[in-house]
Amino acid sequence: MSWGTELWDQFDNLEKHTQWGIDILEKYIKFVKERTEIELSYAKQLRNLSKKYQPKKNSKEEEEYRYTACKAFLSTLNEMNDYAGQHEVVSENLTSQIIAGLARYVQEVKQERKSHFHDGRKAQQHIETCWKQLESSKRRFERDCKEADRAQQYFEKMDADINVTKADVEKARQQAQVRHQMAEDSKADYSSNLQKFNLEQREYYHTHIPNIFKKIQEMEERRIVRLGESMKTYAEVDRQVIPIIGKCLDGIVKAAESIDQNTDSQLVIEAYKSGFEPPGDIEFEDYTQPMKRTVSENSLSNSREGKAEPKFGGKSKGKLWPFIKKNKSPKQQKEPLSHRFNEFMTSKPKIHCFRSLKRGGAAPEDFSNLPPEQRRKKLQQKVDELNKEIQKEMDQREAITKMKDVYLKNPQMGDPASLDHKLTEVSQNIEKLRLEAQKFEAWLAEVEGRLPARSEQARRQSGLYDAQTAPTVNNCAQARESPDGSYTEEQSQESEVKVLATDFDDEFDDEEPLPAIGTCKALYTFDGQNEGTISVVEGETLYVIEEDKGDGWTRIRRNEDEEGYVPTSYVEVYLDKNAKGAKTYI
């Protein structure tokens, strides 16, 4: 199957076909190029989409992403960003492996095609020239033959005419001989040109054209093979990124599986828990007292005695919910219980600290505008941040100290005195941060002293305390409510609560004391004024009975009767060797 033998007479059609093949290559290149543009555009849109839904820094959205569902969504956005990167890789590989190579190959094919068809046209022109020479010699031979015949006839006519002179006859004879000789020469030239043309024609149709068409066929077949290889590469480029895309999708699935509804529910509790106790039962208000006064003769004394009588069922008045105002005006119409319940469900808590804030003012430094639980979290967070800053400054001071030692040992490397100013500045920063941390730790200790106990034993004793002192607590709750809905505290009520709390502490004293796990040395003087803390003097050595659990407090003991908590940053702790080795807290 050769184009040279089968298509020897289809030169023009082959020229059109090969041009069509080049057009197909260019069309495929254009197709792949548009595909790369689509991939780039799609990748850009995916990146913009991922960026659009990313949480903004230092905004409320960033706080929301601590929930597992939001974390999973953030992981999905990151995976989509990587997914977009794979589409960019597809675009780059298509450009480098197909478009660039095919573009060069098209130029080479065009040049090769041009060369082959140039050789073909050159062979055509040569055979056409040979044909024209043959035709010319043929026409000349034919003309000379006709002229020789006419000259022969004229000679014969002259020779037969008796009136013609002998000279004229001789002249006609010579003319006929000349014409015959010219005819013979034309015949020989025609025969030579014919043989030459036949030879050239055989060479043209059996050698030149087949060779040229064979080269064109090979060129066309290479073009077809190259187009097929490009299509395979096109599919392979996509196949190469499928595993990575699969990993991106697996990452999304893994992120979705990491969603934990229980964790999110707990985070909601931590975010919005106020630390207040639920409200107690609403007392029954008896509106029949005025009717009794009209009947009774001693209405005044009866009404006073009636106020001192216990309420229905012997139940004491529970604590008021912080944001429910008591209706103290007897002239106002009493609202139905359903309205009071709706107000209870939709109202926001009012805290006594709000009275010290001006409308639109900044939040106080000690976060006293927050509920107890939220305030404790904020203070703990602030203490942790300050401790990190202190550690950072201490690391910097240590680095400067080491550098100063190097300068002392090798003066040519630098002047040790040049670091004194920086060392002093860092030490001052550490002292400022420590004072700041002490301030927040004191506030934190105050808040943790006021929060309800979390242990099971504490909850049981709290229940006993409520049962024994319900009347006192009710009276305290009533007295604390101010007309503006906030709360006040009276010294006498605090004294009663403190006395009862002291009774509870006696029950804990019966427990077996904790064994000492090491010793500690006080770095600073601490005045433990809050409940549960203990005062220490700088340089004093005490026993450690409970290690810091991450809350910034260490439990120590001076003797069998004196023990309590001190800030961990105030003491230098040395644990026993059998207690995880020695650790130092500064």
Side-chain angles (χ1 to χ4, degrees), residues 1-38 91 93-142 189-239:
M1 184 183 65
S2 173
W3 287 6
T5 56
E6 302 293 338
L7 303 175
W8 61 271
D9 58 343
Q10 298 298 321
F11 186 88
D12 294 338
N13 288 330
L14 288 180
E15 187 176 15
K16 293 178 182 179
H17 177 76
T18 52
Q19 181 59 44
W20 172 82
I22 293 175
D23 294 340
I24 288 295
L25 274 181
E26 292 178 339
K27 183 183 293 186
Y28 186 74
I29 292 173
K30 185 178 179 181
F31 160 74
V32 177
K33 188 178 294 185
E34 291 183 2
R35 163 74 190 279
T36 59
E37 294 174 355
I38 291 173
S91 176
N93 291 341
L94 289 177
T95 301
S96 60
Q97 300 180 22
I98 296 180
I99 296 176
L102 275 185
R104 289 192 300 268
Y105 181 72
V106 165
Q107 297 301 322
E108 294 173 359
V109 169
K110 286 182 177 181
Q111 192 66 28
E112 184 180 359
R113 174 180 175 277
K114 182 179 179 181
S115 175
H116 292 328
F117 282 100
H118 176 73
D119 294 341
R121 289 192 182 89
K122 188 176 180 180
Q124 279 184 339
Q125 291 175 358
H126 179 69
I127 197 67
E128 287 176 359
T129 301
C130 293
W131 172 256
K132 288 178 181 179
Q133 290 178 357
L134 178 61
E135 286 293 321
S136 177
S137 62
K138 180 181 178 182
R139 286 193 300 270
R140 187 168 59 252
F141 172 60
E142 182 181 5
D189 184 58
Y190 172 64
S191 177
S192 175
N193 287 331
L194 181 59
Q195 291 177 1
K196 182 180 178 181
F197 176 78
N198 289 333
L199 180 62
E200 293 290 341
Q201 185 172 254
R202 281 195 299 272
E203 289 288 331
Y204 176 77
Y205 287 112
H206 296 283
T207 303
H208 295 308
I209 288 297
N211 289 336
I212 293 173
F213 281 12
K214 181 180 180 181
K215 293 178 181 178
I216 295 175
Q217 182 180 0
E218 292 174 353
M219 178 195 72
E220 184 68 11
E221 289 175 353
R222 287 197 307 272
R223 178 194 66 80
I224 295 172
V225 172
R226 185 61 181 269
L227 181 60
E229 291 176 350
S230 299
M231 291 181 179
K232 289 181 180 179
T233 304
Y234 179 87
E236 193 63 28
V237 166
D238 274 341
R239 185 176 285 112

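What you see is a predicted model, and the numbers here were worked out from it, not measured in a lab.
Proximity of the aromatic rings of F197 and W131 is defined here by a centroid distance below 6.0 angstrom, and this criterion is met.
Of all heavy-atom pairs between L94 and V32, the closest is CB-CG1, 4.0 Å. Counting all heavy atoms, side chain and backbone alike, Y28 lies closest to S230 at OH-O, 3.6 Å.
Note: K27 NZ to K30 NZ = 9.5 Å, rounded to the nearest 0.5 Å. For the atom pair CG (N13) and OG1 (T18), the distance works out to 10.5 Å, reported to the nearest 0.5 Å. Rounding to the nearest 0.5 Å gives a distance of 11.0 Å between CG of L134 and CD of Q195. How far SG of C130 is from CG of L199: 9.0 Å, rounded to the nearest 0.5 Å. Interatomic distance, M219 CE to E108 CD, rounded to the nearest 0.5 Å: 12.5 Å. Between the OG1 atom in T95 and the CZ atom in R35 there is a gap of 11.0 Å [rounded to 0.5 Å].
Looking only at distances, a side-chain donor or acceptor of S91 sits under 3.5 Å from a matching main-chain atom of T36. Counting only distance, with no hydrogens or angles, the side chain of T129 and the backbone of Q125 share a donor-acceptor pair below 3.5 Å.
Under the rule for a side chain to side chain donor-acceptor pair (under 3.5 Å), the partners of E15 that lie at least two apart in sequence or sit in another chain are R121. With sequence neighbours excluded, no residue forms a side chain to side chain donor-acceptor pair (under 3.5 Å) with D9. Every residue two or more places apart in sequence or in another chain that forms a salt bridge (charged side-chain N to carboxylate O under 4.0 Å, His left out) with K110 is listed here: E26. For E236, the salt bridge (charged side-chain N to carboxylate O under 4.0 Å, His left out) criterion is met by R239, not counting sequence neighbours. Residues meeting the salt bridge (charged side-chain N to carboxylate O under 4.0 Å, His left out) test with R222, sequence neighbours left out: E112. In terms of the side chain to side chain contact (heavy atoms under 4.5 Å, CB included) criterion, residue partners of L7 (sequence neighbours excluded) are, by chain and number, W3, Q10, L14. Under the salt bridge (charged side-chain N to carboxylate O under 4.0 Å, His left out) criterion, R140 pairs with D189, not counting sequence neighbours. By the side chain to side chain donor-acceptor pair (under 3.5 Å) test, T233 is found to be paired with no residue, residues two or more places apart in sequence or in another chain being considered. Residues passing the side chain to side chain donor-acceptor pair (under 3.5 Å) test with D119: none are found, sequence neighbours excluded.
For residues 211-221, the pairs satisfying salt bridge (Lys or Arg N to Asp or Glu O under 4.0 Å) are E220-R223, with sequence neighbours left out. Listed by first and then second residue, the side chain to side chain donor-acceptor pair (under 3.5 Å) pairs involving residues 200-209 are H126-E200 (not counting sequence neighbours). Screening residues 95-122 for ring-ring contact (aromatic ring centres under 6.0 Å, His included) gives F11-F117 as the qualifying pairs, with residues at least two apart or on separate chains.
Using a 4.5 Å cut-off on side-chain heavy atoms (C-beta onward), R226 and E229 make contact. No side-chain heavy atom of E142 sits less than 4.5 Å from a side-chain heavy atom of K138.
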